[in-house]
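Counting begins at 1 with the first residue of the sequence. Model, not experiment: these values are computed from the prediction.
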Amino acid sequence: MGTGIKYENGKLIVPNDPIIPCIPGDGIGPDIWNACKPVLDKAVEKAYGGKRKIEWLTVGAGEDEWKRSGEFVPQATMDAITKYRVGIKGPLSTPVGKGFRSVNVMLRRLFDLYACVRPVSHIPGVPSPVKDPDAVNMIIFRENTEDLYAGIEWDSNTPEANRLIEVIKELSGKEVRPGSSIGIKPISEFGTKRLVRMAIQYAIDHKLPSVTLVHKGNIMKFTEGGFRKWGYEVAKEEFGDVTIPESELTDGQAPEGKIVIKDRITDAMFQQILLRPREYSVLAMPNLNGDYMSDALAAQVGGLGMAPGSNIGDGYAIFEATHGTAPKYAGLDKTNPGSIILSGAMMLDYLGWTEAADLVRKGVQGAVASKTVTYDLARQMPDATKVACSAFGKAICDHM
């Protein structure tokens with residue numbers, strides 16, 4: 001049963017009964033997925049009165065799958081995502097010292113999921129370490145395939161590392177300390193522009209006021225500096241009618257209907273997200289900057305347990321829990337499923353099923369407001385009722 005999603009002329013064509021592969025994941029993955037699935041099903045049923053329904057297709061990946069089949073990502077899983085285009089997954093781990101550096105990275109590369117997209121906003125009532133977490137309302141577009149995620153490096157004292165040290169001296173005259181490990185950091189015009197293009201289009205579609213390029217171009221002038229340069233270029237060349245560089249503003253005010261393109265040095269931006277978060281909406285950045293900043297922003301609104309995320313390419317997307325596998329809690333029905341549930345809401349938005357997505361978020365907000373929450377939140381909320389992972393999912397359904 002169910003029908004596959006199609007992708008034509010740059011757009012998804014979503015049937016009323018899409019088949020969506022789901023990867024429960026490792027560690028606590030099955031627990032949080034078992035809490036998530038009924039929430040998404042309830043939201044879809046309630047929003048559309050039974051006229052729409054997701055047909056879930058369970059597939060495997062990660063360490064547990066490797067133990068079962070000897071493969072981190074079986075061919076059947078790759079075939080399912082290739083055919084059905086949109087998936088959702090729990091956290092995945094990789095055995096130390098063998099196999100791939102990261103199964104998550106492998107999936108991103110297989111399907112060219114070049115944008116890690118993570119919205120960050122506060123759910124009222126979720127404990128936060130900052131005074132005004134409601135001031136944070138940003139969405140991060142982090143490049144997913146280049147920079148450090150290219151994974152190009154050599155260990156110290158290997159012939160390759162020693163040769164590169166020699167080449168660096170030949171080409172630049174700069175000395176690299178002998179015995180150093182060497183890593184290469186590629187950032188391309190193509191990779192940058194397609195990421196920034198997606199970020200600007202998101203700002204247009206959601207009527208957001210600005211897109212900020214976050215970089216370390218004052219030091220890394222041709223990689224991070226290239227990201228800044230190419231980001232401004234794509235804004236001018238492809239969106240010049242609806243964008244304006246911050247440098248061209250008069251008295252700091254944008255003309256009506258214009259999206260302001262800003263840029264900030266990464267370390268300064270870490271201050272900005274704490275001191276002046278209301279001034280930023282969409283952030284676009286290279287991989288490592290985005291890795292750090294997305295987690296830092298998640299901490300400001302309560303942590304990774306309530307932080308959704310996705311990996312999106314052209315015609316493919318995988319939505320995911322943004323935290324780790326927490327193996328010591330596996331099978332205990334204890335941990336917070338909020339991240340994968342809110343990622344499921346992102347997935348519903350991506351499908352165009354915004355009514356169902358809004359119900360999921362309404363349910364989460366209601367459950368938190370009633371203080372019916374898992375242990376990680378309950379221990380920080382006076383008079384909270386601590387419930388199991390599955391019970392938190394049920395509470396979300398009850399508050400839709």
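Figure legend: cation-pi geometry between Arg109 and Tyr114 absent, as NZ or CZ is not positioned both under 6.0 Å from the six-membered ring centre and within 45° of its axis.
Taking all atoms of both residues into account, the shortest heavy-atom contact from Val120 to Ala298 is CG1-N, 4.0 Å. Residue Met293 comes nearest to Val214 through the heavy atom pair CE-CG1, 4.1 Å, listed as atom of the first residue, atom of the second, then distance.
Under the ring-ring contact (aromatic ring centres under 6.0 Å, His included) criterion, Phe239 pairs with no residue at all, not counting sequence neighbours. In this structure, the side-chain contact (heavy atoms from CB on, under 4.5 Å) partners of Asp155, at least two apart in sequence or on a different chain, are Thr158, Ser181. Listed by chain and number, the residues in a side-chain hydrogen bond (donor to acceptor under 3.5 Å, both in side chains) with Asp383 amount to none (sequence neighbours excluded). For Asn336, the side-chain hydrogen bond (donor to acceptor under 3.5 Å, both in side chains) partners are Asp376, not counting sequence neighbours. For Asp295, the side-chain contact (heavy atoms from CB on, under 4.5 Å) partners two or more places apart in sequence, or in a different chain, are Arg118, Leu304. Partners of Lys193 according to the salt bridge (charged side-chain N to carboxylate O under 4.0 Å, His left out) rule, which considers only residues two or more places apart in sequence or in another chain, are Glu189, Glu233, Glu237.
Counting only heavy atoms from C-beta outward, the side chains of Met285 and Asp147 never approach each other to under 4.5 Å. Side-chain contact between Leu348 and Ile54: present, with at least one pair of heavy atoms (C-beta onward) separated by less than 4.5 Å. When side chains are defined from C-beta on, Phe111 does not count as touching Asn311, because their heavy atoms never get closer than 4.5 Å. Inter-residue side-chain proximity for Thr372 and Phe392 is flagged as unmet; no heavy-atom pair is nearer than 4.5 Å.
Met269 and Ile219 are not part of a single hydrophobic cluster, where members link through side-chain heavy atoms under 4.5 Å apart.
Within the 3.5 Å criterion, the main-chain N or O of Ala367 finds a donor-acceptor partner in the side chain of Ser370.
Side-chain contact check for Gln201 and Asp205: at least one donor-acceptor pair (N or O, by modelled atom type) lies under 3.5 Å.
By the 30° and 60° cut-offs, the orientation of the rings of Tyr375 relative to Tyr329 is tilted.
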